[in-house]
Amino acid sequence: MNDTVRVRFAPSPTGYLHVGNLRTALYDYLLARRLGGTWVLRIEDTDRNRHLEGAEKALMAVLRWCGLEWDEGPDKGGPYGPYRQSERLPLYRAAADTLLAQGNAYHCFCTSERLDAMRKAAQAEGRDEKYDRTCMHLASGDVQARLAAGVPHTVRLKVPAGETLILDDLVRGRVEFQSDLADDQVLLKSDGFPTYHLAVVVDDHQMRITHVLRGEEWLSSAPKHLLLHRFLGYPLPHFAHLPLILNPDRSKLSKRQGNVAVEDYRDHGYFPEALVNFIAFLGWNPGHERELLTVEELTQEFSLQRVGKSGAVFNQEKLHWFNEQYLKAMPGERLLATLRPLLAARGWGDHDDIFLACVIDLMRERVAFVHEIPEKAGWFFEDPTSYEEATVRKRWKPDSAGWLRDFVAVLESLPAFDHATLEPAARAYAEGRGGKLGDLVHPLRLATTGVGGGPGLFELMEVLGREACLRRIQRALEMLV
RNA sequence: GUCCCUAUCGUCUAGUCGGCCUAGGACUCCGCCCUUUCAAGGCGGCAACACGGGUUCGAAUCCCGUUGGGGACACCA
């Protein structure tokens with residue numbers, strides 16, 4: 001155990017939590033917990049153009065919904081705050097000044113229009129699209145004059161020539177980059193805000209981060225970060241670039257091809273435990289064959305050594321299966337709490353807990369989501385008003401009405417109306433009539449539920465009660481004859 | 001286009017030091033069993049080491065190349 005391990009999750013508040021980011025957060029959390037370290041939440045809100053009201057709160061809410069609680073963050077403070085980059089501007093300014101003073105950065109007065117035109121021209125000629133360093137060659141008097149005149153400017157990193165930059169990545173091993181290929185990255189924007197590249201390096205260092213976990217899309221900007229660490233005199237944290245989560249066509253998981261927001265899955269009725277369990281296995285596995293693991297178990301088993309290198313397709317069907325498994329094992333009270341508002345929305349709010357608990361017991365083996373209970377078994381809450389056509393055709397025989405009519409007397413005379421009483425009575429009745437149990441059961445199911453499938457007939461009749469069953473049989477007799 | 005990453009069933013993956021792999025598990029699909037229905041469950045089946053060279057007695061496992069896939073090339077993260 002190492003109590004100095006510090007891992008951060010650094011999302012930008014975009015309005016929703018991308019499932020890829022959820023996985024990064026999960027691995028952060030698992031790693032921090034596994035190593036007895038600290039998990040830090042830092043908000044990367046350095047893009048004022050994309051500022052969204054309420055996004056930060058929503059982000060924290062959905063993280064908590066997933067069961068992931070951080071140790072330090074904007075809402076709970078900590079020794080290395082503030083935890084919102086927009087509140088740390090002087091720190092980035094200071095770092096930029098240091099780089100400027102060292103000669104490892106320079107002021108750039110180029111307008112975005114000029115930059116765009118330059119890139120376009122470079123592209124047309126098939127040249128590299130790197131910044132042409134016009135402003136790097138400005139005379140220092142000239143720079144001072146423009147600065148004094150308040151000309152809008154950025155600060156750029158001066159990438160040294162001819163270097164081989166080496167990253168020792170915890171999942172990818174040694175990766176080499178040539179500095180000549182790197183662009184003179186803007187570090188400080190003209191609005192005074194830092195870009196990601198500056199802010200992440202400054203904050204990771206000042207927040208004493210030891211392990212940087214992030215998506216593979218960041219791998220190509222790692223050399224810039226390597227340089228920044230060196231220039232600023234910061235020791236290197238451990239880096240782990242995680243494999244991407246993919247669309248079915250193997251491109252990076254995108255909004256275009258289905259749901260990417262954790263909120264979407266939450267709203268569709270997925271359980272956080274199922275989502276988290278599923279997400280954990282996208283790019284990692286414990287090395288044994290058990291797949292249903294709680295967060296506590298994941299914490300025990302997690303290690304970066306078992307994180308894979310290649311992208312993983314987000315398989316909706318498997319997630320569905322996970323949800324089904326969790327629902328099956330979920331305590332009844334929790335399912336009931338979820339079910340109640342769903343029923344109320346359909347005007348079926350007036351049922352007591354005992355009844356609903358029975359419904360849940362009978363349905364949990366047959367659904368993957370709580371909302372499927374009212375969808376597939378509305379007849380628990382309302383007498384059927386129609387009868388599934390295909391089932392009528394298949395199960396309603398010419399003598400079914402007779403079978404049912406005579407069985408009514410049996411039902412009325414039963415000493416108790418539970419499945420233990422109903423089943424033998426039904427068997428005896430069928431035998432006495434010289435038929436099979438199915439001759440009674442199928443029409444009876446159709447009459448009481450209106451559909452061909454569902455829980456055991458006698459169990460369901462017990463839950464429905466004698467009165468409702470008799471009423472439904474009467475009605476079916478009127479409508480099906 | 002340039003750079004970087006990557007490559008086992010349709011999908012998630014096991015395969016960590018090459019032989020125990022006629023390549024294992026899970027999801028999906030199909031069949032059978034169970035059964036009053038529908039499910040669930042049990043059992044079984046289809047299905048993969050991208051290709052080509054090496055190294056080696058022996059390679060899914062190591063090396064090289066090819067091809068495929070992906071990512072990054074912003075005053076967005």
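Every chain is numbered from 1 and lettered A, B, ... according to where its sequence line falls, protein lines coming before strand lines.
- Distance from the side chain of Asn285(A) is smallest for A14(B) among the nucleotides G10(B), A14(B), C4(B).
- Among the heavy atoms of the strands lying under 4.0 Å from Cys110(A) is at least one base atom, whether or not backbone atoms are also near.
- For C76(B), its base sits under 3.5 Å from the side chain of Arg50(A) at one donor and acceptor pair at least.
- Residue side chain Lys318(A) reaches the base of A26(B) through a donor-acceptor N/O pair under 3.5 Å, judged by distance alone.
- In this structure, Phe458(A) places its CZ atom 9 Å from P of U36(B), rounding to the nearest Å.
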Practice task
Apply salt bridge (Lys or Arg N to Asp or Glu O under 4.0 Å) to the pair Asp97(A) and Arg93(A), showing each step before the final yes or no.
Solution key: CA-CA 6 Å; Asp97(A) 286 342; Arg93(A) 174 89 255 175; 3.7 Å; yes
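- In this structure, A23(B) forms no base pair with any nucleotide, since neither Watson-Crick nor G-U wobble geometry is met with both distances under 3.5 Å.
- Nucleic acid contact class of Ser221(A) (heavy atoms, under 4.0 Å, all strands): none.
- Two rings, from Tyr92(A) and Phe193(A), have their centers 6.0 Å or more apart.
- Side chain Thr195(A) to base C75(B): no donor-acceptor pair is found below 3.5 Å.
- With 3.5 Å as the limit, one finds no donor-acceptor pair spanning the side chains of Tyr196(A) and Gln85(A).
- Pairing of A72(B), defined by two Watson-Crick or G-U wobble distances under 3.5 Å, is identified with U2(B).
- Pro194(A) comes within 4.0 angstrom of sugar-phosphate atoms only, judged by non-hydrogen atoms across all strands, and of no base.
- Using a 4.0 Å heavy-atom distance criterion, Phe314(A) is classed as making no nucleic acid contact.
- Counting only heavy atoms from C-beta on, Lys189(A) has its side chain closest to A77(B) among G70(B), A77(B), U36(B).
- The partner of G65(B) is C51(B), by the rule that a Watson-Crick or G-U pair needs both atom distances under 3.5 Å.
- Comparing atom distances between the Arg366(A) side chain and each of U37(B), U36(B), G70(B) picks out U37(B) as nearest.
- Using the Watson-Crick or G-U wobble rule with both distances under 3.5 Å, U35(B) pairs with nothing in any strand shown.
- Atom CD of Gln206(A) has more than 12 heavy atoms from other residues, nucleotides or ligands within 6.0 Å.
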